[in-house]
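In what follows, a single structure is set out as structure tokens and then discussed.
As the structure is a prediction and not an experimental result, all values here were calculated from the model.
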Amino acid sequence: MNRILHIILAAAFLITCQDISAASPPGDGSEVIQLLESNKKARRLEGGMLRIARPIIKKTPMGYVMDKITMMIVCPVEENDNDLVSKAETLIKDGYTLAGSVMGEEKGISLYVDEPKDGRCSTLILRSVKPDNSIMVFKGDFTVEELQEVGRRSEEEGRQRRQARKSQNGK
């Protein structure tokens, strides 16, 4: 989960180096993207900015599909963003399928995907509530098998972190 925080921090750093347009390109069509981009803190990464963030993303389970990501949006959520969260969660639940979630003491994340067509998805939405509170959107061309591998890698990373904590506590 710290890796997601690193992605967000890297994105924030990148934003200070270059202003990114918050306007959706014509024909994008995603109400979630338009809603998130209406938030001043949301940052859209594509093209050169996405390439700069690539090394950080590669270290996460999403790194498996990094080459397929054409655009991503990072939207940190503040405590007083109740209206944004309510609207976003309604749009996400109405238009996307829950692919998996992990809720526990240390982390709470849910991954949603658009309706697969011919075994492919074009939008992934990651809703994190802890340790960081954010909504991330990934656009690209992802196969169901690739997404299953991202899930497998995420589970493996979680197991490794738990084992590392156990071994540290056992010393």
Side-chain angles (χ1 to χ4, degrees), residues 1-50 52-54 56-57 60-63 65-66 68-117 120-142 147 150-151 154 157-158:
M1 200 59 192
N2 284 338
R3 293 179 197 268
I4 292 174
L5 182 58
H6 288 132
I7 291 171
I8 293 170
L9 291 174
F13 172 76
L14 295 173
I15 300 314
T16 62
C17 297
Q18 177 178 346
D19 187 31
I20 297 176
S21 171
S24 285
D28 191 55
S30 173
E31 292 176 339
V32 174
I33 290 173
Q34 292 172 4
L35 175 66
L36 295 179
E37 287 184 329
S38 70
N39 184 317
K40 293 178 185 176
K41 294 180 181 140
R43 298 297 175 227
R44 181 183 189 114
L45 302 174
E46 56 189 334
M49 295 302 286
L50 189 58
I52 292 171
R54 180 186 198 94
I56 297 165
I57 297 169
T60 71
M62 286 301 292
V65 293
M66 181 61 218
K68 304 284 183 113
I69 298 172
T70 58
M71 185 274 293
M72 70 182 278
I73 295 175
V74 178
C75 183
V77 176
E78 301 293 328
E79 284 184 33
N80 60 350
D81 288 340
N82 296 332
D83 190 43
L84 172 78
V85 169
S86 176
K87 288 178 183 175
E89 288 181 349
T90 298
L91 288 171
I92 291 168
K93 289 176 182 172
D94 288 348
Y96 298 86
T97 303
L98 178 64
S101 66
V102 178
M103 297 296 169
E105 285 183 29
E106 295 179 11
K107 65 179 170 180
I109 55 174
S110 299
L111 180 66
Y112 296 86
V113 297
D114 59 345
E115 187 64 35
K117 294 178 182 114
R120 303 180 98 67
C121 298
S122 63
T123 306
L124 307 175
I125 300 176
L126 181 69
R127 174 67 175 110
S128 173
V129 291
K130 51 182 168 173
D132 57 320
N133 194 354
S134 64
I135 303 171
M136 299 175 77
V137 176
F138 300 89
K139 293 287 281 181
D141 182 27
F142 313 102
L147 299 179
V150 168
S154 181
E157 185 180 277

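Separation of atoms CD1 (Ile92) and CG (Asp114) is listed at 12.5 Å; rounding is to 0.5 Å. Atoms CE and CZ, from Met66 and Phe138 in turn, are 9.0 Å apart once rounded to the nearest 0.5 Å. Put simply, OG on Ser128 and CG on Asn133 are 7.0 Å apart, with the number rounded to the nearest 0.5 Å. The CD1 atom of Ile33 lies 12.0 Å from the CD1 atom of Ile135; values are rounded to the nearest 0.5 Å. Put simply, CD on Glu115 and OG1 on Thr123 are 12.0 Å apart, with the number rounded to the nearest 0.5 Å. Taking CG from Leu45 and CD1 from Ile69, the interatomic distance works out to 10.5 Å, rounded to the nearest 0.5 Å.
Between the side chain of Arg127 and the backbone N or O of Ser134 there is at least one donor-acceptor pair closer than 3.5 Å.
For the side-chain hydrogen bond (donor to acceptor under 3.5 Å, both in side chains) test, no residue two or more places apart in sequence or in another chain qualifies with Ser110. Not counting sequence neighbours, the partners of Thr70 by the side chain to side chain contact (heavy atoms under 4.5 Å, CB included) test are Lys139. In this structure Leu91 satisfies the side chain to side chain contact (heavy atoms under 4.5 Å, CB included) test together with Glu31, Val32, Leu35, sequence neighbours excluded.
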Exercise answer: donor-acceptor pairs, residues 71-86 side-chain atoms, under 3.5 Å, sequence neighbours excluded:
residue	atom	partner	partner atom	Å
Asp81	OD2	Glu78	N	2.8
Asp83	OD2	Lys87	NZ	3.3

Quiz item: Step by step, would you call Asn39 with Leu36 a side chain to side chain contact (heavy atoms under 4.5 Å, CB included)?
Solution: CA-CA 5 Å; Asn39 184 317; Leu36 295 179; 5.8 Å; no

